[in-house]
Amino acid sequence: VDIIPISRGCVPSCLFCKQAGIREISYPIEQIVYAAKKAVSHGAKEIWLTSHDTFAYGLDAVGAQATSSLPALLRELTSLPGDFRILLERGNPEHLPRMGKELLPLLASDKMFHFLHVGAWNEGGKERENEGGKEKGNERGNEGRNERGKEGGKESRNELLSFVEELRRTIPSSTFVLDVAVGDESEEEHWQMTDLIRKLAPEILNFIPLKKMNETVQHRLKVLSDI
């Protein structure tokens, strides 16, 4: 097994993460392909692609690298000769809509493990951040942002459901893995996530316990009963 990082940092959105402020830097496709070729030549049978968020690969690309994207990277890697398979590690589902039609045929390749691993986090912290940060005379604007946040969360869940349904139609042998963060959700968020898990029916379900950590946005939020 050879583990190849494809980027570092991420597109900041998770309020509980201490590394949310680290800007994403995607490594050039040619460097990743070179590393994979070298690994295969030394006998590697599995290439694991890893990152804080593999689905965000290429979002930071500019200039000569502007065409970099996860589908572009996978096309290059799956075209390499040799007896090996590629495992794509966890990504954030919010990036799936922009590349879904390109990604599914690549995941179906004989060179890929038929495996999709995503993390699903509650969006409630963002709503609480808006609520806790209300200023006098600006309640109406914050309420509007809260409603948009709730709608955005619902839209993201529906997009993930659609993608997983298409994955199972396209690759019946696929394995879907879902990571769920727990420990700071409201009752409403808990039942929303329970409903999502039931509909997704993942083959593997991982629960990740969270606690408030210093230097995170989540640490500064008030609990719901205090608002």
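As the structure is a computational prediction, the values presented were derived from the model and not from experiment. Values below: every heavy atom of this structure, side chains too, minus hydrogens, waters and symmetry copies.
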How long is the gap from [atom1] on [X] to [atom2] on [Y], to the nearest 0.5 Å?
| X | Y | atom1 | atom2 | value |
| --- | --- | --- | --- | --- |
| E30 | L73 | CD | CG | 10.5 Å |
| E102 | L70 | CD | CG | 9.5 Å |
| L77 | L88 | CG | CG | 10.0 Å |
| H190 | T194 | NE2 | OG1 | 3.5 Å |
| L200 | L205 | CG | CG | 9.5 Å |
| I6 | I32 | CD1 | CD1 | 5.5 Å |

Practice problem: Starting from I204, walk the hydrophobic network (Ile, Leu, Val, Met, Phe, Trp, Tyr; side-chain heavy atoms closer than 4.5 Å) and list everyone else you reach, by chain and number. | Solution: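 I204 clusters with V1, I3, W48, L87, F113, F115, V177.
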Checking the side chain of [X] only, and the main-chain atoms of [Y] only, is there a donor and an acceptor separated by less than 3.5 Å?
| X | Y | result |
| --- | --- | --- |
| N92 | D53 | no |
| S26 | S7 | no |
| E46 | R85 | no |
| H114 | S109 | yes |
| Y57 | P71 | no |

Exercise. Kindly indicate, with the supporting measurements, whether the criterion side chain to side chain contact (heavy atoms under 4.5 Å, CB included) is fulfilled by I171 and L116.
Key: CA-CA 11 Å; I171 317 172; L116 180 70; over 6 Å; no
Quiz item: Would L161 and L196 satisfy side chain to side chain contact (heavy atoms under 4.5 Å, CB included), going step by step from the backbone distance to the final call?
Solution: CA-CA 8 Å; L161 284 167; L196 179 65; 4.1 Å; yes
Practice problem: Decide yes or no on side chain to side chain contact (heavy atoms under 4.5 Å, CB included) for K37 and V33, but give the supporting numbers first. | Solution: CA-CA 6 Å; K37 283 181 178 179; V33 171; 3.9 Å; yes
Self-check item: pair F163-L103: side-chain heavy atoms closer than 4.5 Å
Solution: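 Counting from C-beta outward, F163 and L103 do come under 4.5 Å.
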For a quick test of reading the model, state the closest non-hydrogen atom pair linking [X] to [Y] and the distance between them.
| X | Y | answer |
| --- | --- | --- |
| V40 | P81 | CG1-O, 4.2 Å |
| L96 | L160 | CD1-CD1, 4.0 Å |
| R90 | I208 | NH1-CD1, 3.7 Å |
| L59 | H95 | CD1-CE1, 3.5 Å |
| D2 | A44 | CB-CB, 4.2 Å |
| M112 | L106 | CG-O, 3.1 Å |

Quiz item: When hydrophobic residues are tied together by side-chain contacts of less than 4.5 Å, even through go-betweens, does I29 share a cluster with Y34?
Solution: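 Cluster IDs for I29 and Y34 differ.
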Exercise. State plainly whether one hydrophobic cluster holds both W191 and V182, where clusters connect Ile, Leu, Val, Met, Phe, Trp and Tyr through side-chain heavy atoms under 4.5 angstrom apart.
Key: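 No; tracing contacts between hydrophobic side chains, which count when under 4.5 Å, never links both residues.
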Quiz item: Any side-chain donor-acceptor pair under 3.5 Å between E89 and T50?
Solution: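 Checked: E89/T50 side chains pair up, N/O donor to acceptor below 3.5 Å.
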Quiz item: Taking only residues two or more places apart in sequence, or in another chain, which ones meet T170 in a side-chain hydrogen bond (donor to acceptor under 3.5 Å, both in side chains)?
Solution: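 Once residues adjacent in sequence are excluded, the partners of T170 under the side-chain hydrogen bond (donor to acceptor under 3.5 Å, both in side chains) criterion are E166.
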Quiz prompt | Derivation of the side chain to side chain contact (heavy atoms under 4.5 Å, CB included) call for R157 and K199 | solution = CA-CA 10 Å; R157 290 190 290 271; K199 291 177 179 177; over 6 Å; no
